[in-house]
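Below is one structure, written out as structure tokens, with a few remarks after it.
The figures here come from the full heavy-atom set of this structure, side chains too, leaving out hydrogens, waters and symmetry mates. Just so we're clear, the structure is a prediction, and the values are computed from it rather than from any experiment.
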Amino acid sequence: MNLLKLIPLLITAVILSACSGIGVTGKEVTVGGKNYTEQYLLSEMTAFLLVDEGFKVNQMNNLGSSVVRSALENGQVDMMWEYTGTALITYMGEESIADPDAAFEKVKENDIKNDIHWMNMSGVNNTYALAMRSEQSEELGIKSISDLSDYINENPGELTMAADAEFANRTDGLPGVEETYGFEFGSGQVRQMDLGLTQRTLNNEQVDVSVAFETDATIRNYDLVVLEDDQRFFPPYRAAVAINQEVFEKYPEIEEITARLAESLNSDIMRELNYLVDIEGQSVSVVAYDWLVENDFLEEE
């Protein structure tokens, strides 16, 4: 975005912040977020929408997962976008649930005792995935993990995979995928490395398959294909709004405001937005604002 386009955005932000802070409505919330791009974007988009509806918004971003969760529980943060899988498995110590709706309902039920209300589950699914180069996926006819399983069983020893040590060895990682889908790479075919290198190694044609996260910007950058998890092995990590119950009761309109985002966002859109920030180097605020304007959430000033 050039400077001329940025100036109206900055002026708008100042005006909206001023209007929300002069006590016309008296509505004020604190939006929390974790310390990576996707969370910055979700927090920023939410803040823009709330300010547009007359709220004064404070943001507490760049927090570790457990830190922002604690802040939500103790009221330092009023609301945030959290992932169903993170809450269910990490915070609540429950077994993963493959069905996204069932996982969401379980998390919602469990968090009642913590005075946290869950709402507006989106299509953004920041879960594990297996990825291939687009051209090789097309050439071999591999579109899903079942397709991958069939190919490996018919052509043993041909394909190799890049994975970090954790994914390569955990039962909810590659061993579980192999057991569920009925195939095996073999120890010599799995190359272990730091997670940040796996997709670069795939792009460089040093391996045929890589572990990834579904909303990762590098999938877009390297023109990779996410293989369909057709047997739904990987637990859903769907982004949804978690809000302090007292704040929700005070401002029930937040549900409708954030529902607009939840109904519009999915993994493909989130991956593209992450790409604009992580790969093209655009600012989080500009990417968030532009997307909201382009999709008629806000009027451009």
Side-chain angles (χ1 to χ4, degrees), residues 32-34 36-39 41-43 45-46 65-66 68-69 72 79-112 114 116-131 143-149 163-164 166-167 170-181 195 210-220 224-243 255 258-259 261-274:
K34 303 184 187 185
Y36 50 91
T37 299
E38 180 169 306
Q39 282 276 302
L41 285 164
L42 288 169
S43 176
M45 288 190 284
T46 302
S65 188
S66 60
V68 71
R69 169 67 183 192
L72 181 65
M79 60 181 291
M80 64 174 294
W81 289 86
E82 183 57 276
Y83 302 95
T84 54
T86 303
L88 190 66
I89 299 167
T90 303
Y91 304 146
M92 300 172 183
E94 299 269 7
E95 293 294 322
S96 64
I97 298 175
D99 180 76
D101 294 315
F104 175 75
E105 290 302 324
K106 184 64 173 177
V107 166
K108 185 174 181 178
E109 175 188 332
N110 284 356
D111 247 352
I112 290 174
N114 297 314
I116 295 172
H117 174 71
W118 283 74
M119 60 192 184
N120 296 333
M121 183 174 70
S122 73
V124 176
N125 190 24
N126 192 7
T127 190
Y128 273 127
L130 299 186
K143 303 296 184 184
S144 67
I145 303 180
S146 287
D147 292 339
L148 177 67
S149 173
D164 65 297
E166 185 175 17
F167 183 80
R170 282 175 44 158
T171 56
D172 59 349
L174 182 58
V177 174
E178 292 175 325
E179 181 179 354
T180 299
Y181 283 90
L195 188 58
S210 169
V211 64
F213 287 102
E214 194 169 302
T215 59
D216 197 324
T218 55
I219 292 172
R220 160 76 165 78
L224 305 179
V225 169
V226 172
L227 301 183
E228 179 190 356
D229 182 14
D230 48 312
Q231 294 192 40
R232 293 165 70 168
F233 170 76
F234 294 120
Y237 280 73
R238 299 279 283 273
V241 176
I243 184 170
E255 181 166 20
T258 55
L261 271 183
E263 291 163 3
S264 300
L265 290 173
N266 58 38
S267 292
D268 291 338
I269 293 171
M270 203 72 241
R271 189 184 306 129
E272 180 68 24
L273 297 177
N274 287 335

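With no hydrogens or angles considered, a side-chain donor-acceptor pair links Ser65 and Tyr91 at under 3.5 Å.
At a threshold of 4.5 Å between non-hydrogen side-chain atoms, the residues Trp81 and Val124 do not count as touching. With contacts defined as side-chain heavy-atom distances shorter than 4.5 Å, the pair Phe233/Ile145 does not qualify. In this structure the side chain of Thr90 never reaches within 4.5 angstrom of the side chain of Tyr83, judged on heavy atoms. With contacts defined as side-chain heavy-atom distances shorter than 4.5 Å, the pair Thr258/Met119 qualifies.
Interatomic distance, Leu130 CG to Leu174 CG, rounded to the nearest 0.5 Å: 7.5 Å. Here the CG atom belonging to Asn274 is positioned 12.0 Å from the CD1 atom belonging to Ile269, to the nearest 0.5 angstrom. Atoms CD1 and CG, from Ile116 and Leu72 in turn, are 4.0 Å apart once rounded to the nearest 0.5 Å. Taking CD1 from Ile97 and CD1 from Ile89, the interatomic distance works out to 9.0 Å, rounded to the nearest 0.5 Å.
Just one residue in the list Lys34, Arg238, Arg69 forms a side chain to side chain donor-acceptor pair (under 3.5 Å) with Glu82, and that residue is Lys34. With respect to Thr215, the side-chain contact (heavy atoms from CB on, under 4.5 Å) criterion is satisfied by exactly one of Arg220, Glu272, Met270: Met270.
Under a 3.5 Å cut-off, the side chain of Asn126 and the backbone N or O of Ala239 do not form any donor-acceptor pair. Here the side chain of Thr180 pairs a donor or acceptor atom with the backbone of Gly176 at under 3.5 angstrom. Of the possible donor and acceptor atoms, none in the side chain of Ser267 sits under 3.5 Å from a partner among the backbone N and O of Glu214. A donor-acceptor pair is defined here as one N or O able to donate and one able to accept, closer than 3.5 Å; no such pair exists between the side chain of Glu255 and the backbone of Asn120. Without hydrogens or angle criteria, Thr46 side chain to Leu42 main chain gives a donor-acceptor distance under 3.5 Å. The closest donor-acceptor contact from the side chain of Thr84 to the backbone of Pro236 lies under 3.5 Å.
Nearest approach of Phe234 to Ala129, heavy atoms of both residues: CE1-CA, 4.0 Å. Residue Val68 comes nearest to Gly33 through the heavy atom pair CG2-N, 3.9 Å, listed as atom of the first residue, atom of the second, then distance. For the pair Val211 and Ala163, the tightest heavy-atom approach, listed with the atom from each and the gap, is CG1-CA, 3.8 Å. Summarising the geometry of Asn110 relative to Asn114, their closest heavy-atom pair is O-ND2, 4.3 Å, with the distance given to 0.1 Å. Of all non-hydrogen atoms in Asn125 and Tyr237, the two that sit nearest each other are OD1-N, 2.7 Å.
Not a single side-chain hydrogen bond (donor to acceptor under 3.5 Å, both in side chains) links Ser96 to another residue, sequence neighbours left out. Not counting sequence neighbours, the partners of Tyr128 by the ring pair (Phe, Tyr, Trp, His ring centres under 6.0 Å) test are Phe167, Phe213. The side chain to side chain contact (heavy atoms under 4.5 Å, CB included) search around Glu263 returns Ala259, not counting sequence neighbours. Considering only residues two or more places apart in sequence or on other chains, Ser144 meets the side chain to side chain contact (heavy atoms under 4.5 Å, CB included) condition with Ser146, Asp147, Glu228, Asp230. For the side chain to side chain contact (heavy atoms under 4.5 Å, CB included) test, residues two or more places apart in sequence or in another chain that qualify with Thr218 are Gln199, Asp216, Tyr222.
Applying the salt bridge (charged side-chain N to carboxylate O under 4.0 Å, His left out) test to pairs two or more places apart or on separate chains, none has a residue in residues 100-110.
Within a 6.0 Å radius of CD in Glu94, more than 12 heavy atoms belonging to other residues, nucleotides or ligands are found.
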